[in-house]
Structure formats: C-alpha cells, structure tokens
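Both backbone and side-chain heavy atoms feed into the values below; hydrogens, waters and symmetry mates do not. Atoms within a ligand are numbered from 1 in the order they appear, just like the ligands themselves.
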Amino acid sequence: MKTCTKCGVNEVIIEKKHSGQRLCKDCFIQGTQQKVLKDIRHYKLIDKGDKVMVALSGGKDSVMVLDILNFLYEKNIIDMSTVTIDEGIKGYREDGVKIAKTHAKRLGIEHTVVNFKDSFDTTLDDIMASNSQRGACTYCGVFRRWILNREARKIGASKIATGHNLDDETQAILMNYLEGNIENLTRIGPKTISRSEMFTVKIKPLREIPEREVGLYVIARELEVHLAGCPYSSDSFRGEVGQFIKQLSRNHPTIMYSTLRGFDKLKPAIKYEFAREFNMGECISCGEPAAHEMCRACIFSNELDQNKRSL
Ligand code: SF4
Ligand code: ZN
C-alpha cells in the first residue's frame with residue numbers, strides 16, 4: 001500500500017504528477033479546500049460582506065464551488081444565493097436542475113431557476129431545430145451571460161461565482177490565441193470587472209484546480225453531481241483544444257500551470273495594448289449593457305424571430 005506523502009498513514013487516492021504529491025482522501029480534500037480558499041484571498045476574489053451568486057448547473061464544477069464557498073457562508077463572511085439556468089435541452093437539463101435544487105435546499109441557500117423560454121421566448125432545442133446561423137454554444141453562452149447578469153442585479157449580488165477550472169481556463173487562453181482573438185484575452189482571468197457598472201463582477205475560485213481533481217473532490221466528498229454531457233457539446237473547437245492539452249499533459253504534467261502563469265504575466269501588456277476610451281451604453285431593446293446600439297442577446301433574439309417569420 002502506498003501511503004500519503006502528507007500524513008504518512010492513509011492509503012493514497014491521487015498522485016499529483018505536477019507537484020509530486022501522493023495524497024490520501026482526507027489530505028486531498030483538506031489540501032484542495034485550502035488551495036481554493038488561498039486563491040480567493042490571493043486574487044482578492046471575495047470581500048467580507050459580499051453577496052455571492054453561484055451559477056449552479058448541478059455539474060461537478062459548480063457543486064464544488066458551492067461546497068467550498070459554503071464555508072465562508074457558514075462563518076457569516078459572505079451571503080450566498082444560487083441560480084440555475086434552464087436552456088431548454090430536453091433529456092439533459094432536467095437532472096441538473098433537480099440536483100442543483102437538492103444542494104441548495106440541503107445547505108439552506110436561496111435558489112432560483114431561470115429558463116431561456118421565459119427570457120427569450122425560445123429554447124435551445126427550438127433554436128437548433130430551426131435554420132439557426134450559429135453553433136449551439138454561441139447562443140447558449142450569450143443568453144446565459146445575459147440572464148446571469150440580470151439575475152445578479154435583481155437579487156443584489158456583488159459577485160457571480162462560476163465553476164471554471166484550470167482545464168477550462170487554459171483551453172480559453174489557447175483557443176483565443178489560435179483563433180487570433182487577442183482582445184478577448186483581456187477578459188480572461190480569476191476576476192472579471194467590466195467597464196459597465198451594470199455588469200456584476202465574475203469570479204472563478206477553481207481557476208487553478210485541474211478538472212481531474214474537481215472530479216475526484218466531488219467523489220471524495222460524496223456530493224451528488226450531474227454527470228451527463230450536453231448533447232450539443234460534441235462538435236466544439238473547445239473539445240479539440242481540450243484533447244490537445246490533455247495529450248500534452250501526459251508527458252508534460254505542468255503544462256496547464258505554465259500556460260496559465262505565462263498568460264498572467266503577458267496579460268498586463270495585452271491590456272495596455274488594447275486600452276482605449278470606451279463607454280458601454282445600454283441596449284435600446286432590453287436596457288442591459290451593450291457595446292453597440294443593441295446587446296448581443298437582443299441581436300440574436302431578433303435574428304431568430306426573423307428566421308421564424310421567414311419559414
Ligand atoms: Fe450550452 Fe454548449 Fe455548454 Fe451545451 S455545451 S450547455 S450548448 S455552452
Ligand atoms: Zn438587449
């Protein structure tokens with residue numbers, strides 16, 4: 001039996017190739033929680049008295065965020081609420097909503113479900129069944145951001161916490177490099193503060209936790225999570241980039257951390273390069289913050305309405 005390099009007593013459940021640590025269940029749980037709480041302090045993600053709205057899909061990442069932020073909630077350091085977005089994906093989203101509800105109820109935390117249908121009078125299934133011009137994730141991302149932002153303002157949240165992990169973040173960095181979307185890189189980081197005060201600050205407490213460890217954490221903590229994959233995720237460029245990074249990580253276990261550290265060093269220069277006077281206005285249709293006359297959610301929504309009428 002291999003014993004834990006930290007306590008020297010219990011059986012190992014994980015070997016962390018990037019750090020050389022071999023940990024037992026208890027030391028892994030404790031070490032992971034400490035790491036996330038340390039990152040929250042280091043990057044100043046949360047202030048005492050914040051109301052944090054957790055975007056809770058019921059998947060492993062958001063359930064882990066909720067589990068760890070609950071320590072701060074229980075100590076009355078923060079107030080907390082949760083929101084689940086129902087995109088209208090039949091046979092997929094229902095289970096996630098159920099699991100999210102169960103966790104919020106178990107912890108006694110306010111929980112709201114907001115669906116695409118009520119906000120945009122359509123579902124993602126209907127959009128994909130029509131002759132829509134873009135991929136599912138493009139509509140989904142834009143509509144989801146719109147809902148999250150509006151919901152956060154409605155409940156008076158000062159921060160929105162999402163479950164982005166180390167794999168998600170390195171994928172986003174690489175995808176934007178590869179596609180030449182350099183200005184998009186200025187919006188990647190542990191904490192996103194927008195130029196418009198109408199946008200609530202977004203934080204990513206799991207940004208330095210590899211996806212594999214998120215999976216192991218929820219198993220070790222015996223937390224129920226929604227495991228099914230989204231039926232629309234298969235054809236995404238993100239998936240290909242993710243596979244590429246995973247493959248590299250086999251022989252270069254620190255590659256995701258070095259990608260992240262390198263990017264964080266480069267980011268101030270990119271931000272400087274793209275710094276310009278820029279005033280966010282308000283969308284003439286919905287009143288949400290918008291870089292142009294209309295926000296992207298309203299542009300997409302109008303396009304879909306026109307498609308419907310032309311059928
Ligand atoms: Fe939405 Fe794409 Fe995620 Fe599915 S994979 S939930 S369509 S962003
Ligand atoms: Zn709008």
Side-chain angles (χ1 to χ4, degrees), residues 55-63 65 83-100 113-130 132-154 160 162-165 167-169 171-172 175-176 184 194-196 198-200 202 204 206 211 214 225-243 279-306:
L56 185 63
S57 67
K60 62 182 186 328
D61 307 288
S62 60
V63 168
V65 169
V83 63
T84 305
I85 298 178
D86 181 349
E87 308 90 348
I89 306 173
K90 261 217 165 68
Y92 165 69
R93 179 49 71 211
E94 299 88 342
D95 287 351
V97 171
K98 216 167 90 196
I99 291 168
V113 181
V114 186
N115 57 50
F116 276 17
K117 185 80 185 160
D118 288 341
S119 308
F120 302 103
D121 196 27
T122 189
T123 65
L124 200 59
D125 282 342
D126 286 343
I127 296 173
M128 296 324 288
S130 69
S132 51
Q133 299 157 18
R134 306 165 204 272
C137 299
T138 307
Y139 290 107
C140 191
V142 167
F143 288 166
R144 225 172 15 188
R145 273 194 295 277
W146 187 95
I147 291 176
L148 276 182
N149 196 50
R150 182 166 277 215
E151 197 57 28
R153 270 207 326 275
K154 202 163 116 191
I160 299 173
T162 62
H164 292 85
N165 58 45
D167 296 49
D168 298 326
E169 197 75 342
Q171 282 162 20
M175 277 167 68
N176 281 301
N184 283 358
S194 167
R195 281 172 281 209
S196 167
M198 285 172 77
F199 274 128
T200 305
K202 291 207 184 77
K204 298 174 189 165
L206 307 187
E211 184 175 26
V214 175
V225 298
H226 185 214
L227 289 171
C230 172
Y232 297 118
S233 70
S234 57
D235 62 348
S236 70
F237 180 52
R238 179 178 280 274
E240 286 176 57
V241 173
Q243 282 307 320
N279 286 324
M280 281 289 253
E282 284 174 22
C283 170
I284 54 161
S285 178
C286 69
E288 288 296 305
H292 306 286
E293 209 174 46
M294 250 194 215
C295 73
R296 283 186 89 201
C298 287
I299 292 172
F300 286 5
S301 195
N302 284 353
E303 275 174 15
L304 292 166
D305 279 349
Q306 273 166 14

Engineer: If you have a sec, work out which protein heavy atom is nearest atom 5 (S) of ligand 1 and how many Å separate them, to one decimal?
Structural biologist: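 Looking at atom 5 (S) of ligand 1, the protein heavy atom closest to it is Ser233 CB, 3.5 Å.
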
Engineer: Output, in order, the C-alpha distance, side-chain angles, deciding distance and verdict of side chain to side chain contact (heavy atoms under 4.5 Å, CB included) for Cys140 and Tyr232.
Structural biologist: CA-CA 10 Å; Cys140 191; Tyr232 297 118; over 6 Å; no

Engineer: Could you name the option among Arg144, Met128, Glu87 that has the heavy atom nearest to atom 3 (Fe) of ligand 1?
Structural biologist: Arg144

Engineer: Which distance, rounded to the nearest 0.5 Å, do you find between the CG of Leu56 and the NE2 of His226?
Structural biologist: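 Leu56 CG to His226 NE2: 12.5 Å, rounded to 0.5 Å.
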
Engineer: I'd like to know if atom 1 (Fe) of ligand 1 has an N/O/S atom from Cys140 within less than 2.8 Å of it, counting both backbone and side-chain atoms.
Structural biologist: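 Yes, since at least one N, O or S atom of Cys140 sits under 2.8 Å from atom 1 (Fe) of ligand 1.
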
Engineer: For the pair Phe120 and Phe116, name the ring-plane relationship: parallel under 30°, tilted 30 to 60°, perpendicular over 60°.
Structural biologist: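 Taking Phe116 first and then Phe120, their aromatic rings stand perpendicular (interplane angle over 60°).
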
Engineer: Atom SG of Cys298 and atom CD of Glu293: how far apart are they, to the nearest 0.5 Å?
Structural biologist: 11.5 Å

Engineer: Students should be able to answer this: which protein heavy-atom is nearest to atom 2 (Fe) of ligand 1, and at what distance?
Structural biologist: Cys137 SG, 2.4 Å

Engineer: Among all the protein's non-hydrogen atoms, which is closest to atom 7 (S) of ligand 1, and how far away is it?
Structural biologist: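 The protein heavy atom lying closest is Leu124 CD2, 3.6 Å.
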
Engineer: Name the closest protein heavy atom to atom 4 (Fe) of ligand 1, giving the residue it belongs to and the distance to 0.1 Å.
Structural biologist: Cys230 SG, 2.3 Å

Engineer: Could you give me the CA-CA distance, side-chain angles and deciding distance for Ile127 and Phe300, then say whether side chain to side chain contact (heavy atoms under 4.5 Å, CB included) is met?
Structural biologist: CA-CA 10 Å; Ile127 296 173; Phe300 286 5; over 6 Å; no

